[in-house]
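Read through the structure below, which is laid out as structure tokens, and then see the notes.
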Amino acid sequence: MSGGAIAQSERAASRRRRGLIENAQAYLFLLPAIAFLGLFKILPAVYAVYISFFRWDVVQGAFRGLDNYFDILWQNSTRSQAWWQSLSTTVTYALITVPFEIAIALVVAYVLFQKLRGRDIYRTIYYLPYVTSTVAAATVFFYVFHPQYGIVNQLLGSIGITGLKWFQEPDGIFQMIGNALGVAVPDWAAGPSLALVGVAIFSIWHFLGFQILIFLGGLGNIPLEYYEAAKLDGANQWQLFRRITLPLLSPQIFFVFTIATIGVLRAFNEIFILTNGGPLDTTRTVTLLLFKTFFQQGQIGLGSAMGVLLTLVILAFTLFQFRILGRRVEYG
Amino acid sequence: MNVPQVLPRAIARPLRPRIPRIGSTVFKHLVLILVGAVVAYPFYFMVTSSLKEFFEATSTPPTLFPTSLHFENYVDAWSRQPWGRFFANTFFIAGASVAGEIVTAVLAAYAFAQMNFRGKNVLFALFLATYMMPGEATLIPNFVMMSKAPPGVNPFFPIPRLNLYDTYGAQILPFLASAFSVFLLRQQFLAIPKELRDAAVIDGAGHLRFLWSVVLPISVPALVTVAILSFYASWNSFQWPFIVTSSEAVRPVQVGLNAFRAEAGSQYHLLMAAASFVVAPIILLYLVGQRFLVQGVARTGIRG
């Protein structure tokens, strides 16, 4: 009787000991990852906020509280004007990039998903820009769109459009169209600069393969029976696409929408190479403004405050995406 | 994923359920070829221009084919910058980053997938938070951390100064752990049947032994995916190395290409030759490892 109790308590003790060892082992396994993520991801996120509270021009200066934020948002007219202009440029850039990215990729993925010869060859080509480095791809793009030496102006010349300056053109595209047609376009309706349109074209080209890849995955999840049942009910091609494909692909479309928007908010390399924020600041997005403030002007405190603001916007999109997709996971 | 062999064919879901046919096959090919031509044209222009002579590369209108092939452009472009150094730097930085990231991710992912410990959920939430934190949040603080403490400034507090500006370390250390890779591998390790672990325990194998001799060998495809995605990110990275380096001794290829843009000016034939050899290794890797790269992107939705 008592022997059994001793054995039992011994077993419990050994179980506890094993639990302790397992705990210690687990933390040992996690230690390297936690150390590096902590030092280069978690702590810096805290420091970003800390730095943004100071005047910090190359070296740390006086504590300013939230004054850097106030300067950016309204107090300092030069700073706040630059900030709101950059934010508006970023939003415009998103508006002329994301919808086209989704629409083109959707059409291509839909066609590509059908039984066709050479699907793999097409796919390999479509993914090429996506794996190419932004710096190299943008360098080539700059040349392709070169006003004199590039192919784009030559092709446009054959339909009567000549002399476009692309990445050096600060004029709005609606204004340019108006001028060509002899219509006076008011300043507020000038539209995005041709340079920004060029950057948008680059982004669409660069990420097309990624979008197609996600949509192909989504199309693969739609059961064939749905189409067969709908066809028995007499649905036509457009109805099949509109009533079955589009709704069942909505998680992927939403995913691409958010990730492409975040991508646009974070875009730096392509703009740096193609226009460096010019001409006349018409392609200076928030990331470019942040870079110039922090790296070229040495205003580290102000730059950090911009970084915090930009991060909040990006995080809002990320959380929004996680919430919506988290709810829909079982559905897909 | 393969369909398990035991399922009768009728039950096994076809791997690629197809959308009903629309339009004619010819029309569909026309659409795909047109899109393909637009997508591939810049690559074609890059390679053909790299073989043109200076006056032909800057002629209006541009020629579609080079009138004569000038392979010596590659030699010329190569000699203008210490490209050998840049390539060696990039291979070293990418190799070290990939190796470190794999080790830290394998260990952490194994702990999350196969071990029970206190605070697991809290730590997992922490990893998720770092995954969501965009690089813009950490760019400036990391730069401050990498730079040397100015005279009179405490190098440990409040911000540690690692004094690594313009070194390999600045380009490697921040990338030795990635929450994303941990998630990807954890997903893989969760799928390992419990029976395998039970059998290993009966044989007296500890966690490290089980990880090394059972888990890793059956996880090779996932490891290759992580390695390729990580190598690709490292090879193509520009902004961070551009900010934390200044000397050619530690400069990677992307920063070198940017510097060469300024030097080459309107010598586009040389610039295109340089762009060609900068993208060649990564495109080669893509063609060889396409399956892994595509699977990784499809499974995880990373956009780069």
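Naming convention: chains lettered A, B, ... in sequence-line order (proteins, then strands); numbering from 1 in each chain.
- Note: A/Phe29 and B/His207 have perpendicular aromatic rings, judged against thresholds of 30 and 60 degrees for the angle between ring planes.
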Run the side-chain hydrogen bond (donor to acceptor under 3.5 Å, both in side chains) test on A/Gln148 and B/Thr60 for me, step by step, so that the C-alpha distance in whole Å, both residues' side-chain angles and the decisive distance to 0.1 Å come before the verdict. CA-CA 6 Å; A/Gln148 281 115 48; B/Thr60 314; 5.8 Å; no
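- Taking the six-membered ring where tryptophan is involved, the planes of B/Tyr232 and A/Tyr130 are tilted, since the angle between them lies from 30° to 60°.
- Proximity to chain B involves both the backbone and the side chain of A/Leu128, based on heavy atoms less than 4.5 angstrom apart.
- The aromatic rings of A/Tyr27 and B/Phe117 lie perpendicular to each other, with more than 60° between the two planes, well past the 30° mark.
- Both the backbone and the side chain of A/Leu37 come within contact range of chain B, with heavy atoms under 4.5 Å apart.
- For chain A, the nearby part of B/Leu211 is the side chain; its heavy atoms alone come within less than 4.5 Å.
- Residue contact with chain B, scored on non-hydrogen atoms closer than 4.5 Å, involves the side chain of A/Ile51 exclusively.
- Listed for the B/Arg261 side chain is no donor-acceptor partner under 3.5 Å among the backbone atoms of A/Val135.
- A donor-acceptor pair under 3.5 Å is formed between the side chain of A/Lys41 and the backbone N or O of B/Met133.
- A/Phe141 and B/Pro42 make their closest contact through CE1-CG, 4.0 Å (heavy atoms, listed as atom of the first residue, atom of the second, distance).
- Using a 4.5 Å heavy-atom threshold, the side chains of A/Tyr126 and B/Val35 count as touching.
- At least one donor-acceptor pair under 3.5 Å links the side chain of B/Asn236 to the backbone N or O of A/Val131.
- For the pair A/Leu30/B/Leu107, no side-chain contact is recorded, criterion being any heavy-atom separation below 4.5 Å from C-beta on.
- Neither the backbone nor the side chain of A/Phe241 comes within contact range of chain B, judged by heavy atoms closer than 4.5 Å.
- Listed for the A/Tyr47 side chain is no donor-acceptor partner under 3.5 Å among the backbone atoms of B/Asn142.
- Residue A/Leu39 touches chain B through both its backbone and its side chain, counting heavy-atom pairs closer than 4.5 Å.
- Under the 30°/60° scheme for interplanar angles, the aromatic rings of A/Phe294 and B/Phe143 are found to stand perpendicular.
- Of the two parts of A/Thr124, the backbone and the side chain both hold a non-hydrogen atom closer than 4.5 Å to a non-hydrogen atom of chain B.
- In this structure, the side chains of A/Leu112 and B/Leu32 come closer than 4.5 Å at one or more pairs of heavy atoms.
- Put simply, the side chain of B/Phe43 does not reach to within 4.5 Å of the side chain of A/Val140, judged on heavy atoms.
- Not one N or O on the side chain of B/Thr138 forms a donor-acceptor pair closer than 3.5 Å with the backbone of A/Ala45.
- Ring-centre distance between B/Phe175 and A/Phe40: not below the 6.0 Å cut-off.
- Relative ring orientation between B/His29 and A/Tyr122 is described as tilted, the plane-to-plane angle lying within the 30° to 60° band.
- Using a 4.5 Å heavy-atom cutoff, the side chains of B/Val103 and A/Pro32 are not in contact.
- Of all non-hydrogen atoms in B/Ala40 and A/Ile125, the two that sit nearest each other are CB-CG2, 4.0 Å.
- Per-residue counts of heavy-atom pairs under 4.5 Å with chain A were compared for B/Met46, B/Arg118, B/Gln114, B/Lys120; the largest is that of B/Arg118.
- Using a 4.5 Å cut-off between heavy atoms, A/His206 makes no contact with chain B at all.
- Both the backbone and the side chain of A/Ile151 have a heavy atom closer than 4.5 Å to some heavy atom of chain B.
- Residues B/Phe238 and A/Ser133 are not in side-chain contact: their nearest non-hydrogen atoms beyond the backbone lie 4.5 Å or more apart.
- Using bins of under 30°, 30° to 60° and over 60° for the plane-to-plane angle, the ring pair B/Phe242/A/Phe295 lands in the tilted bin.
- The shortest non-hydrogen separation linking B/Ala137 to A/Ala48 is O-CB, 3.4 Å.
- Looking at B/Glu136 and A/Thr311, their side chains never bring a donor and an acceptor atom within 3.5 Å of each other.
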